[in-house]
Amino acid sequence: MAGTLQILFLNPPAIGYSLSRCRLPTTHFPFSGIRSHLVSKLSSSVRASSQHSNKGNGRGDHLPQATAKDFDWVKPLSGFVSNNFLPVALIGGVALGLANPTLGCLANRYYLSKVSTFGIFIISGLTLRSDEVGAAAEAWPVGLFGLVSILFFTPFFSKIILLLKLQPQEFVTGLAIFSCMPTTLSSGVALTRLAGGNSALALAMTLMSNLLGILIVPFSISKLIAAGVGVCVPAGQLFRSLVLTLLVPLIIGKGLRECFKGVAEFSDRNRKLLSMMSSLLLSLAPFIQVSRSRSLLLLVKPAVFLLAVVLGVLLHLILFAFNALAIPLLSTILGGSESSFSKKQNISALLLVASQKTLPVMVAVVEQLGGALGESGLLVLPCIAAHLNQIILDSFLVSLWFQKENDLKTA
């Protein structure tokens, strides 16, 4: 009996082979009832193991399919992050600054905010195509009005904003400074391309408003905002700083593009990658500012901050409505249907670019103010929300335009 059990357990049959076919000699195993029971149990166990193995691995690959299905959410999530990288990066910077302000304070100690601004404008110069700027010459009346609207008309809304009473007052002052800024560096052009508008015109307005803004913004803040709160802004010093942090890196980036063909080819081939890098650099600004002012931000009531967010949305809607009302009036004055203001591509470029305000220049301006108009973090925070809101609102608007265009083509 001991010898037979040793044979059974040390030499098991191959999977799928029935133990019921084995014939154990009765002379070595006199207890035939026990032998039959044991063989029956072992046969059932081996069959069950064989069936489970075949079902799991050899017939349909059940387990890998279940694993792949568990990760079906990864692809749409990565697609969403890729398509909305800028707002995700900005929100992430704010959240990280609130969660761990130590890193942000360390980055501020080593002037990473200025380094990030410098890098953003180098990337802007690398991706700036000269032929696109030249192609906007045909629609120069629209571009001229866009510049006047961005740099002269819309800053006057800051006087209305300053009439509001909100605690902390930096929220109101920050939005007033934000209304004096030039247009966004990338989102306006990108949304114009998505809407099928005149992207060359959008790029020209973006470039010119940011270059001229270096000259005009310090004086706009000094006359429209600082005088209202009893503070004198060092316009000359601010101008020199903006030239060093905005104009110089823009010229460097553009010069590298024009002097080296490989740089231009790399920039055109990797525009999305460079855009993501610019977004990451931009997210350093809210991260550092929020980290520095975290203790103050936690004292702000959520209802007050929500009100500041609503004010930012209203500011964008007012700017959009102002430009939308001006377009038909100018079209009538300058030739009706033959005017450049009546072309749909030019209209979409003007509405999207002239109604947005840029965050990097605003951050650079606040950095140079050195707390003269209030705590930097509190000044910047509502503008981050306003920047995000204008991108989100205009994205929905572009989607509606795109859907309407497709419906017309289908009809």
Side-chain angles (χ1 to χ4, degrees), residues 128-160 179-217 219-220 223-224 314-358 361 390-391 393-405 407-409:
L128 182 60
R129 296 190 180 110
S130 300
D131 56 343
E132 291 182 339
V133 177
E138 183 181 350
W140 67 267
V142 180
L144 181 60
F145 171 75
L147 292 176
V148 173
S149 174
I150 293 168
L151 298 174
F152 294 102
F153 289 161
T154 56
F156 278 99
F157 287 103
S158 63
K159 303 294 289 184
I160 301 175
S179 68
C180 296
M181 294 298 110
T183 188
T184 51
L185 297 170
S186 59
S187 58
V189 177
L191 289 171
T192 300
R193 286 197 180 106
L194 290 175
N198 190 338
S199 58
L201 175 62
L203 185 61
M205 286 191 291
T206 299
L207 173 65
M208 295 304 297
S209 68
N210 280 276
L211 290 179
L212 294 175
I214 295 174
L215 298 171
I216 298 171
V217 165
F219 299 101
S220 298
K223 298 298 182 183
L224 299 176
L314 289 176
L315 174 62
H316 179 62
L317 293 178
I318 290 172
L319 299 182
F320 196 94
F322 171 77
N323 291 307
L325 292 174
I327 289 174
L329 179 62
L330 292 172
S331 178
T332 303
I333 296 174
L334 299 176
S337 60
E338 300 298 325
S339 170
S340 57
F341 284 92
S342 63
K343 294 182 179 180
K344 184 165 56 176
Q345 292 83 357
N346 296 340
I347 292 174
S348 59
L350 178 61
L351 286 176
L352 291 171
V353 173
S355 304
Q356 293 188 358
K357 296 296 181 177
T358 184
V361 179
Q390 67 184 6
I391 295 173
L393 289 173
D394 289 349
S395 298
F396 282 116
L397 181 63
V398 168
S399 299
L400 291 175
W401 286 350
F402 190 75
Q403 183 64 40
K404 185 178 179 180
E405 187 69 22
D407 291 342
L408 291 175
K409 289 181 180 179

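Residues passing the side-chain contact (heavy atoms from CB on, under 4.5 Å) test with L211, sequence neighbours excluded: L207, L247, L250. For S179, the side-chain contact (heavy atoms from CB on, under 4.5 Å) partners two or more places apart in sequence, or in a different chain, are S158, I161, L315. Every residue two or more places apart in sequence or in another chain that forms a ring pair (Phe, Tyr, Trp, His ring centres under 6.0 Å) with F153 is listed here: F322. Scanning for side-chain contact (heavy atoms from CB on, under 4.5 Å) contacts around F156 gives L224, with sequence neighbours left out.
Within the model, atoms CZ of F145 and CG of N346 stand 13.0 Å from one another, a figure rounded to the nearest 0.5 Å. For the atom pair CG (L317) and CG (L393), the distance works out to 6.0 Å, reported to the nearest 0.5 Å.
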Handout entry: Working for side chain to side chain contact (heavy atoms under 4.5 Å, CB included), residues T184 and Q390
Key = CA-CA 10 Å; T184 51; Q390 67 184 6; 3.4 Å; yes
Exercise for the section: Assess whether side chain to side chain contact (heavy atoms under 4.5 Å, CB included) is satisfied between H316 and D394, documenting all intermediate values. Expected result: CA-CA 10 Å; H316 179 62; D394 289 349; 2.9 Å; yes
Practice task
Run the numbers on L397 and F320 for side chain to side chain contact (heavy atoms under 4.5 Å, CB included), then give the verdict.
Solution key: CA-CA 11 Å; L397 181 63; F320 196 94; 3.2 Å; yes
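When every heavy atom of A349 is checked against every heavy atom of N198, the shortest pair comes out as CB-O, 3.6 Å. Of all the heavy atoms in L151 and G213, the pair that sits closest is CD2-CA, 4.0 Å. A pairwise comparison of heavy atoms in V217 and P182 identifies CG2-CD, 3.8 Å as the closest pair. Nearest approach of V353 to I150, heavy atoms of both residues: O-CD1, 4.2 Å. Nearest approach of M205 to V142, heavy atoms of both residues: SD-O, 4.2 Å. Counting all heavy atoms, side chain and backbone alike, G188 lies closest to L352 at O-CB, 4.5 Å.
Residues I333 and F341 fail the side-chain proximity criterion, which asks for heavy atoms closer than 4.5 Å.
Judged as a side-chain hydrogen bond (donor to acceptor under 3.5 Å, both in side chains), not a single pair has a partner in residues 202-212 (not counting sequence neighbours).
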Output a table of donor-acceptor pairs, distance under 3.5 Å, between side-chain atoms of residues 323-330 and any protein atom two or more places apart or on a different chain; print 'none' if there are none.
| from | atom 1 | to | atom 2 | distance (Å) |
| --- | --- | --- | --- | --- |
| N323 | OD1 | S149 | OG | 2.7 |
| N323 | ND2 | L319 | O | 3.0 |
| N323 | ND2 | A354 | O | 3.4 |
| N323 | ND2 | S355 | OG | 3.1 |

